[in-house]
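Every chain is numbered from 1, with letters handed out A, B, ... down the list of sequences.
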2 protein chains.
Amino acid sequence: MGAAGAGSTDWQERLRARGYRATPQRELVLAAVQRLRHATPDDVLSEVRRTSASLNLSTVYRTLEVLEEVGLIRHAHLSDRAPTYHAMGEDEHFHLVCRSCGAVLSVGSAEGSAFVDALRAKHGFAADLGHLTVFGTCADC
Amino acid sequence: MGAAGAGSTDWQERLRARGYRATPQRELVLAAVQRLRHATPDDVLSEVRRTSASLNLSTVYRTLEVLEEVGLIRHAHLSDRAPTYHAMGEDEHFHLVCRSCGAVLSVGSAEGSAFVDALRAKHGFAADLGHLTVFGTCADC
DNA sequence: CTACGTGCAAAAGCTTTGCATGCGT
DNA sequence: ACGCATGCAAAGCTTTTGCACGTAG
């Protein structure tokens, strides 16, 4: 996994650079988000607890917030009610969610760049493509 | 308002056609959504109560659901936490939301059609543009 | 007249917060 | 040693649900 550069202790640097501390919980939460590619706070808790380690849900919420602030993870809203987090470093992408079967399709930013450019040109609006979720119906449905 | 055809008693037809009853509460909620152009369930309750009429929040939720099912209104997620409803019949549009100032910009579907077409062509995905919300930063921020 | 819709109140999620203890720096 | 981070438990919100009564069709 060369692309991300998030291999070893990059997460520690990131946190400390912003005045945060590098704690085991933060490492565990980050690792869980990287493993599960789209995870809700609750998913993260379950995943971490799978490999033992007692971790509190409050801490998950606070940690996800911090990790997002320092740019290690991002969130999007894949269902009408539930934020899902994913690690950054992978190619930036946005999501297509099928309302019929629930399938989630990740699409590279490139395919949205024309759209983003159009919005910037017409409205001076800088769209945050990485947070975008498009609902609709997939090919199979 | 020729386009919408939602002028007079169309709402009654719509409801009855799907086996629902036309009630005063449903009329009040629909009217409130049309007046406030982007309303949360709570906004709707407040607006209706302004012109007296006791109406329960539970009823608002149930009514919004029904009105959306019969195609009289739609919802989108303009903030990370709160669905906002708007009447259909107006030109279909999607939303740009500025994270800095909170401004909400409505954009005609036309400006998103190229994007929708691209998604259909590449992924066979039929995007629901009317539900789309794009977060980012507006020209003033 | 039949049964769908409403109001009320309680329950169910999900997320946040206060405080004392523990740990990173 | 200092003070941020965590765990625990309780509070806060938004949304949902059960029931008895009212009312549209």
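Taking atom CZ of residue A/Arg18 and atom P of nucleotide D/dA5, one finds them 14 Å apart after rounding to whole Å. Following rounding to the nearest Å, A/Asp80 (CG) and D/dT16 (P) show an atom-to-atom distance of 11 Å. In this structure, A/Asp42 atom CG and C/dC14 atom P are separated by 7 Å, rounded to whole Å. Rounded to a whole Å, the CG atom of A/Asp43 is 16 Å from the P atom of C/dG13. Straight-line distance from the CZ atom of A/Arg81 to the P atom of D/dT14: 10 Å, rounded to whole Å.
Within the 4.0 angstrom heavy-atom criterion, base atoms lie near A/Arg62. Note on B/Pro83: only backbone sugar-phosphate atoms sit closer than 4.0 angstrom, heavy atoms only; bases stay farther off. Here A/Thr23 lies in heavy-atom contact (under 4.0 Å) with sugar-phosphate atoms only. Counting any heavy atom pair closer than 4.0 Å across all strands shown, B/Leu57 reaches a base atom. Residue contacts shown for B/Ala22 are limited to sugar-phosphate atoms, with no base heavy atom under 4.0 Å away. A/Arg16 comes within 4.0 angstrom of the backbone, heavy atoms only, and of no base.
Residue A/Asn56 places no side-chain N or O under 4.0 Å from the OP1 or OP2 atom of D/dT6. Contact between the side-chain N/O atoms of A/Gln25 and the OP1/OP2 oxygens of D/dG7 is found at a separation under 4.0 Å. Close to C/dT6, at under 4.0 Å from its OP1 or OP2, lies no side-chain N or O of B/Arg21. At the phosphate of C/dG5, OP1 or OP2 sits under 4.0 Å from a side-chain N or O atom of B/Arg26.
Checked against the 6.0 Å centroid criterion, the rings of A/His86 and A/His75 do not qualify as a close aromatic pair.
Between B/Thr40 and B/Asp43, the side chains place a donor N or O and an acceptor N or O closer than 3.5 Å (distance only, hydrogens not considered). With 3.5 Å as the limit, one finds a donor-acceptor pair spanning the side chains of B/Asn56 and B/Ser58.
Across the interface with DNA chain D, nearest-nucleotide mapping of B/Tyr20 and B/Tyr61 shows B/Tyr61 to be the residue nearer the 5′ end. Toward the 5′ end of DNA chain D lies the nearest nucleotide of A/Pro24, the other residue of the pair B/Pro24 and A/Pro24 mapping further downstream.
B/Met88 and B/Leu78 sit in two unconnected hydrophobic clusters of ILVMFWY residues. Membership requires side-chain heavy atoms under 4.5 Å apart, directly or through other members.
If you check D/dT14, D/dT16, D/dG7 against the side chain of B/Ser58, the one that comes closest is D/dT16.
Other residues, nucleotides and ligands contribute over 12 non-hydrogen atoms within 6.0 Å of the CD atom of B/Glu92.
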